[in-house]
There are 4 protein chains.
Amino acid sequence: MIPNRPRYAARLNAFKVRGGSVAEMILGVGQVGGLSAADLNYPDHFAAHDPATLTGLLSDQGLVLNGLAMRYYTESGFKLGAFTHPDRAVRQAAIDLTKRGIDACSAMGGSQMTLWMGQDGFDYSFQADYGRMWDDTIAAMVEVADHNPAIDIAVEYKPNEPRAHALMPDMATTLLALEEVDRPNTGVTLDFAHMLYAGEMPAKAAMLAARRSRILGLHLNDGYGKRDDGLMAGSVHPVQTVELLVAMARAGYAGVIYFDTFPDLSGLDPVEEARTNIRLTDRLVDLAARLADDPALEAAQARQDAAAATRLVMAALFGA
Amino acid sequence: MIPNRPRYAARLNAFKVRGGSVAEMILGVGQVGGLSAADLNYPDHFAAHDPATLTGLLSDQGLVLNGLAMRYYTESGFKLGAFTHPDRAVRQAAIDLTKRGIDACSAMGGSQMTLWMGQDGFDYSFQADYGRMWDDTIAAMVEVADHNPAIDIAVEYKPNEPRAHALMPDMATTLLALEEVDRPNTGVTLDFAHMLYAGEMPAKAAMLAARRSRILGLHLNDGYGKRDDGLMAGSVHPVQTVELLVAMARAGYAGVIYFDTFPDLSGLDPVEEARTNIRLTDRLVDLAARLADDPALEAAQARQDAAAATRLVMAALFGA
Amino acid sequence: MIPNRPRYAARLNAFKVRGGSVAEMILGVGQVGGLSAADLNYPDHFAAHDPATLTGLLSDQGLVLNGLAMRYYTESGFKLGAFTHPDRAVRQAAIDLTKRGIDACSAMGGSQMTLWMGQDGFDYSFQADYGRMWDDTIAAMVEVADHNPAIDIAVEYKPNEPRAHALMPDMATTLLALEEVDRPNTGVTLDFAHMLYAGEMPAKAAMLAARRSRILGLHLNDGYGKRDDGLMAGSVHPVQTVELLVAMARAGYAGVIYFDTFPDLSGLDPVEEARTNIRLTDRLVDLAARLADDPALEAAQARQDAAAATRLVMAALFGA
Amino acid sequence: MIPNRPRYAARLNAFKVRGGSVAEMILGVGQVGGLSAADLNYPDHFAAHDPATLTGLLSDQGLVLNGLAMRYYTESGFKLGAFTHPDRAVRQAAIDLTKRGIDACSAMGGSQMTLWMGQDGFDYSFQADYGRMWDDTIAAMVEVADHNPAIDIAVEYKPNEPRAHALMPDMATTLLALEEVDRPNTGVTLDFAHMLYAGEMPAKAAMLAARRSRILGLHLNDGYGKRDDGLMAGSVHPVQTVELLVAMARAGYAGVIYFDTFPDLSGLDPVEEARTNIRLTDRLVDLAARLADDPALEAAQARQDAAAATRLVMAALFGA
């Protein structure tokens, strides 16, 4: 059975339209109602405030820290890569920046650092030695994971953008890497839209993650499977979202659901958009709870009867 | 307002698993209950029976003929193209075959011939003179349309497969061609899964079709936007399906909804699969009827407020 | 036959890494050697300099103005759309901004304004009334084209990004719109990478453009067909690039080749990257000139013989 | 350094147009000149001939057996899956069929069985229990690998088709599975077009395969990265093909290059098409041999200098 209503978080930068400062963005998150956690980006969100001040800003809005997320692109030195940069000194700078981020996370009482290694990829054939990029990334992740074993390190994969090809584009590649890293405080963060345009069926990727590593985070959003559209959760693929939620429940995931959406790109008001995310997801979480224990659905799946399974799911979803 | 429950048809060949003959397939369609129309492929479905016999087989199952659909690939001479074939004699053979199909359609009291020019495309750069392919296709379509002005000619576009690139891959290209053809008995058949993997938003493509030509047919099905998956209608993109149904209603479409799905590829029983198509589509058609006249939705769209519009649609669809 | 070596231009903003000012970026372009034209973005590149000063900066580097390109996203009021914005006042602001851009272009002696209506699209089903967006866009383009009939208006289409779906995503849709606009000073700018991820074969799209409108610009670059990768021209699809160059030559295109690439995203030096663009394109232009008049190739195409055509092209390209 | 000219094989069924029997198809392969190996499909190619007869037919044409490839779809009982079928008896039938194929391979003196588990996937969310499908597949592969440790078992992955999602869609998922199988006589067969539309950079995937498993086969062909186009090797992505050949050489691959192309779908003559495959590949293999040891290229890669690397590669490829 799916546990109680999950805690929700939202992308802080989506609230930039309401005022550019971190304090103003946190205020915006507080206005939504229904959001109870927040992630901060390192180092950008720490440029003007120290960890103690940020903790205060969050708690003023009734928010707990979900975790920190590294942003390597904010420093132009990482354009060619962070952990994969050809220059050892730049790689070490990326590792050291990550360690400082982990320290900030720890200072705020957080327990998780998310790594999206967005610059770590390649654009051209013959541009790089893939084996060396792989080795350097494994070594960097080991060093980062060992820095503070009390902080979990979650890898958020993405097929491309800004680079034409990411080194860590999909679930299975990430799991191969994490196995080589071989540290208990590592795992995966699932991003629904990334999964779609990686060509994955999200619930299947979650099965692999639960089987071979740890699921440390869940980013809900939606899109059309061709790019990182950042649409509201459940707005395009409600059935695939419910299936993922069932898989997460079965994997024992009890963490935060983070809405990684881009109202700013669509000209949407972030408060109204976040409220819509919550409404849709509440409904889909309820539905997932019901389907997770449905013996008729289990029986249909046991014989791979898609007609029966689809009728059951659609009846529960929209009364068909 | 959306008119009464639409008539439904299903892909005859999906029932091949129940027996290979046309008579057995029509019997399978009859067993579904809820299907009231059928399309026949020309020439394959006419290999063993004449039009009068086929009419009898259909009416025995309470089915009316929706129309005929050309299948050029069944004759190996068209592998390199039908209307685009470099050899004038082969092009003329394709045109003549189509005319015989139109005659058969007329003999059965049908009113519509669907053209899917699946072989008319190219695989390689420098393989063909695109301008000549275009000219030959326009000329062939003119000749076909003029053969019997009482029979509508509907073009069903598709991005690729079997050819790597189709000459007529998407709505807008088809509309450019139809304008050059310039015959009143021509128009477009919309196939939902083709639209998805052409990168189109189906309701937007329907707007263009209604504006610039005539919508002559609607193939419902679903998929993941990367290929012609042939899944059950509404099973992946229920919201986009409803939006298309609203657009069709506004465009005055009162024709058959044809389920162009591939239960045979998935190992599904075609009767159960067709029943599921009907159940899901009945529900989405009802929903479309309600949304088509909703002033609150109209107001949200007038200000392009995606949060409000999505909440309205999702509340109607699944009570969020 | 393909005429003399084309004039080349490069994306000014690619040189931002060498110093953020427009003057510094123009200096960077001048350092490349081999670039003889430049495009300026309006209004961003005019923020600190008036047209006369910009003309001077260009001529100091031996550069002629190729044209101007509108950038609506630089003003946050256009996030929900420029010509498609639901608010009439915002639409008019976009039109007026474009007219001022046309005036600036004229003041600099330029002859062409490129429109990339990047914000004009939608993210969600039911977000907008597509017909109204279409009408508003046609009306805006008419007003813009009529502002100064001596300046050509070139539409540069793109499938998506920043919006999930663009109103003008591909060649054929653009041609339908331009036909409704019905002004002689309008046409299309082709962007190779946009064409690839629109699912088009570039040379075929060029055929349609030449047949139904005017080809006003050519942006060369490359990518993997999934997004706007911005890679160096010919680096991934040399054969498709050559085929497009042959089609452009046959269509009589004698304009500038603009390298719309993103060395900044890959951490590449823009000067070295631009030099590589020139070297590769020089070679492919030569090859196109040879193939454009090859009777053996023409004969292979006349019978759609892909094996023979591919052998001829590959022998010319790389001696196979 | 890349060793001598590789042995080439071609897809036997591509020659069906020259006569449907296995004997006639082998005769067609022999007419090409330059093909020295062949793969046979099991069970289809063994329907009319026993292993000894087939060995004779091959040697009459100067062909050695490269290996066998399983084809589960030829028996309709596997439509819902072979190793993933929900019915244990059907799964066992698939395993037993594979064992008989391995026996036939061994009887012909072959050393390798390729598994393309094309039916093993799913079409709908909630259709199947992914964990159970995974477990059943691992168990089946173990049983198959243990049947005859002298025969290598090569998995050929593919993103989709005929199923909407394959259980084994890409390199990394395949490597995760092979690690669980944990048998020394297992590995991967690389198919270039499959890699492209899995979103992979082929040479990077080869790096992972060499690092974590064994590369047992190489299928060359080409396409546009959206589906399994089956075009001639090097005809679209010559640079990515060369990069893969360099990676294969570095990984010590000395096996056959198998042209997995579909001239039959394009209406091409298979003999002329195969000859074109050989010509293009000969040239690209030569180029790969030169580039594999180029210190300037190695230096460019060491600093991830895409401009320098691209200039070097393009100069070698086409003299730019």
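By convention in this document, chain letters (A, B, ...) are assigned in the order of the sequence lines, proteins followed by strands, and residues within each chain are numbered from 1.
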Shortest non-hydrogen contact from Tyr224(D) toward Ala164(B):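 Distance-wise, the nearest heavy atoms are CE1-CB, 3.8 Å.
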
Distance-minimising heavy-atom pair for Tyr124(B) and Ser235(D): CE2-OG, 3.5 Å

Spacing of CD belonging to Glu161(B) relative to NZ belonging to Lys226(D), to within rounding of 0.5 Å: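 Glu161(B) atom CD to Lys226(D) atom NZ measures 15.5 Å (nearest 0.5 Å).
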
Max heavy-atom pair count under 4.5 Å with chain B, selected residue of Asp228(D), Leu80(D), Leu231(D): Leu231(D)

Contact leader toward chain B among Asp229(D), Asp123(D), Leu265(D), Asp222(D), where contacts are heavy-atom pairs under 4.5 Å: Asp123(D)

Side chain, backbone, both or neither of [X] within contact of chain D (heavy atoms, under 4.5 Å):
{"X": "Asp264(B)", "answer": "both"}
{"X": "Ser266(B)", "answer": "both"}
{"X": "Arg163(B)", "answer": "both"}

